[in-house]
There are 2 protein chains.
Amino acid sequence: MSVSFHAVRRQPATGHSTAFHATAVHSVAPPAPVTASLPEHLSLLRDPGTIQRFARNETIFHEGDPARHILQILSGTVRLCRHTPDGRRHVAEFVMAGDLCGVFGGTAQSFTAEAVTGVGVMLHPRAQFDRMAECDPAFRAKVLSHLSTHLLSVQMHSFVLGCQNAKERLASFILRLAERTGATRSGRLELAMGRQDIADHLGLTVETICRAITALRNERVLDVPNTHQLVLRNVDALSDLAGAASLN
Amino acid sequence: MSVSFHAVRRQPATGHSTAFHATAVHSVAPPAPVTASLPEHLSLLRDPGTIQRFARNETIFHEGDPARHILQILSGTVRLCRHTPDGRRHVAEFVMAGDLCGVFGGTAQSFTAEAVTGVGVMLHPRAQFDRMAECDPAFRAKVLSHLSTHLLSVQMHSFVLGCQNAKERLASFILRLAERTGATRSGRLELAMGRQDIADHLGLTVETICRAITALRNERVLDVPNTHQLVLRNVDALSDLAGAASLN
DNA sequence: CGGGACATTGAACAGTTTCAAAGCGCGTGG
DNA sequence: CCACGCGCTTTGAAACTGTTCAATGTCCCG
């Protein structure tokens with residue numbers, strides 16, 4: 001099967017090394033409705049001065065950088081990844097509009113964040129975040145809940161990597177993406193990331209991703225109008241493939 | 001490489017279905033030293049009435065069970081796993097003496113816990129745990145830190161599953177186990193779990209685990225005095241194999 | 001219209017799985 | 001106390017999925 005004999009065959013990230021040093025902002029937290037999710041809660045702190053933009057393939061922060069801010073993605077898609085000395089890459093996660101990143105992991109970033117597309121982010125100073133957690137029990141509960149959810153999703157991904165074959169992995173990925181973007185109904189799914197990104201996320205190669213997509217297309221499970229769009233023609237078939245990895 | 005074509009070939013868990021319903025206990029939390037880790041902190045609550053024992057291969061709780069307690073492992077080793085309808089098994093994690101399990105994930109267990117060896121656990125009622133988190137900021141900090149550490153380790157495991165081949169996975173596993181049990185110095189490592197457990201943890205088959213162990217033995221990296229013991233003869237070689245998956 | 005990055009397809013190769021059988025250790029019972 | 005039996009581990013050989021290498025195709029942007 002598929003372990004990676006990962007040669008060094010990676011896109012030469014057209015990266016610009018964009019260190020980012022936003023100035024800390026001390027806005028006062030307005031009362032948040034108790035029903036709001038953590039990202040919603042945070043977005044109430046909105047302060048135009050803390051917004052930044054990144055171009056496609058730009059590096060937002062590096063693994064090991066001091067984690068002075070919590071980032072809220074306003075638009076676009078970000079990949080959190082890890083690069084090894086011998087050229088392998090592991091994409092731990094894709095972070096999309098509405099999501100947070102950098103909430104956990106202490107004082108240093110545990111991943112490199114790169115813009116998959118053009119990206120807009122809002123920066124929340126960690127100090128402010130910590131202060132809110134200190135004072136506001138409801139906020140704390142949200143943080144905890146957010147963290148648990150996140151943990152669950154990482155564990156689910158471990159399952160995918162540990163137990164599924166190529167087609168199953170792709171199906172799990174597609175379904176999860178569809179759920180996150182709300183595309184499950186319309187059946188139309190935007191793929192912000194390229195095949196290589198998907199491959200590195202699923203522990204496969206680009207070629208295998210292509211072949212798996214082609215296979216699903218031939219089985220009338222998917223339509224592929226273009227490289228960055230999928231139409232889900234048979235969600236049940238996808239769910240069957242994804243198996244336990246789809247919450248359905 | 002290695003996806004799992006996981007047929008249904010599993011040990012027929014000699015399991016006894018041991019539901020566990022411990023009575024809630026309301027001990028008062030004694031002040032904990034600020035330096036204590038979360039497990040240490042919890043162990044100060046020790047109450048003999050909340051201790052339970054489980055025999056090898058017994059089920060401690062099932063995925064989906066209500067999570068009324070947080071478990072602290074006193075002795076033995078536990079595997080947290082997930083069983084799929086078609087007979088695949090994913091061992092998410094091994095939990096060992098001193099570790100906690102069931103801290104996160106909300107009101108329902110997200111994994112099945114099975115005793116790898118005979119196991120002694122202490123049960124901490126979740127309500128009590130929550131109360132402490134409510135009142136004690138230092139305790140909260142420990143929970144947070146514990147959770148972050150745990151998240152990191154799951155992400156590291158994702159990397160192992162996504163990017164490494166059989167020998168590398170085994171090396172990563174052995175090194176991590178050695179660190180956790182403090183066997184890095186002595187070089188002598190107790191393997192509480194069987195080959196099948198390791199295989200299901202690393203997304204490989206038993207046979208592949210055996211062959212990888214044999215290979216490392218032939219390369220003088222390991223000695224294998226018996227099935228449940230390893231001697232680390234060349235930690236550097238192991239670290240090289242584990243690559244980025246070893247912290248140092 | 002041309003160029004380059006990305007996607008797709010093909011063919012050969014390789015690591016892991018699968019199937020099968022033998023080896024070993026350990027507890028139980030004679 | 002020894003022998004048998006059962007479960008787990010180990011080894012071998014063949015099959016198979018995914019990788020690697022290579023070439024072609026496609027789309028977008030300048």
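Scope of the values below: all heavy atoms of this structure, side chains included, with no hydrogens, waters or symmetry mates. Since this is a predicted model, take the numbers as computed values, not measurements.
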Using OP1 and OP2 only, check whether a side-chain N or O of Thr227(B) sits under 4.0 Å from dC24(C).
no

Tell me the interatomic distance from Asn226(B), atom CG, to dT10(D), atom C1', rounded to whole angstroms.
15 Å

Separation of dT16(C) atom P from Asn165(A) atom CG, nearest Å, is 17 Å

Check the pair Arg56(B) / Thr117(B) against side-chain contact (heavy atoms from CB on, under 4.5 Å), numbers first and verdict last.
CA-CA 4 Å; Arg56(B) 177 174 136 82; Thr117(B) 62; 5.7 Å; no

By nearest atom, which of the nucleotides dT11(D), dG10(C), dG18(D) is closest to the Ala166(A) side chain?
dG18(D)

Rounded to whole angstroms, how far apart are CD on Gln196(A) and P on dT20(D)?
11 Å

Given Asp223(B), which of Gln229(B), Arg233(B), Arg188(B) fulfils the side chain to side chain donor-acceptor pair (under 3.5 Å) condition?
Arg233(B)

Between His157(A) and His201(A), what is the ring plane arrangement, given parallel below 30°, perpendicular above 60°, and tilted in between?
parallel

Write down the distance between NE2 (His228(A)) and P (dT26(D)), rounded to a whole number of angstrom.
16 Å

For Arg195(A) and dC27(D), give me the distance from atom CZ to atom C1', rounded to whole Å.
12 Å

With distance as the sole criterion, is a donor-acceptor pair present between the side chains of Glu190(B) and Thr181(B) under 3.5 Å?
no

I would like to know whether His83(B) and Glu63(B) meet side chain to side chain donor-acceptor pair (under 3.5 Å); could you show each step before the answer?
CA-CA 9 Å; His83(B) 297 268; Glu63(B) 181 180 349; over 6 Å; no

Length of the line joining Ile209(B):CD1 and dT18(C):P, which is rounded to integer Å
13 Å

What is the distance, rounded to the nearest whole Å, between atom CG of Leu202(A) and atom C1' of dG18(D)?
13 Å

Just compare dT17(C), dC6(C), dT9(C) and give me whichever is closest to any side-chain atom of Leu204(B).
dT17(C)

Compare side-chain N and O positions of Thr205(A) against OP1 and OP2 of dT19(D) and report whether any pair is under 4.0 Å apart.
yes

Short side-chain N/O contact to dT16(C) OP1/OP2 from Arg169(B), under 4.0 Å:
no

Nearest-neighbour nucleotide for the Cys210(A) side chain, dT11(D), dC6(C), dA7(C) considered:
dA7(C)

Please report the distance, rounded to the nearest Å, between CZ in Arg211(A) and P in dT24(D).
16 Å

Regarding Thr208(B), tell me which of base, sugar-phosphate or nothing describes its non-hydrogen contacts under 4.0 Å with the strands shown.
base

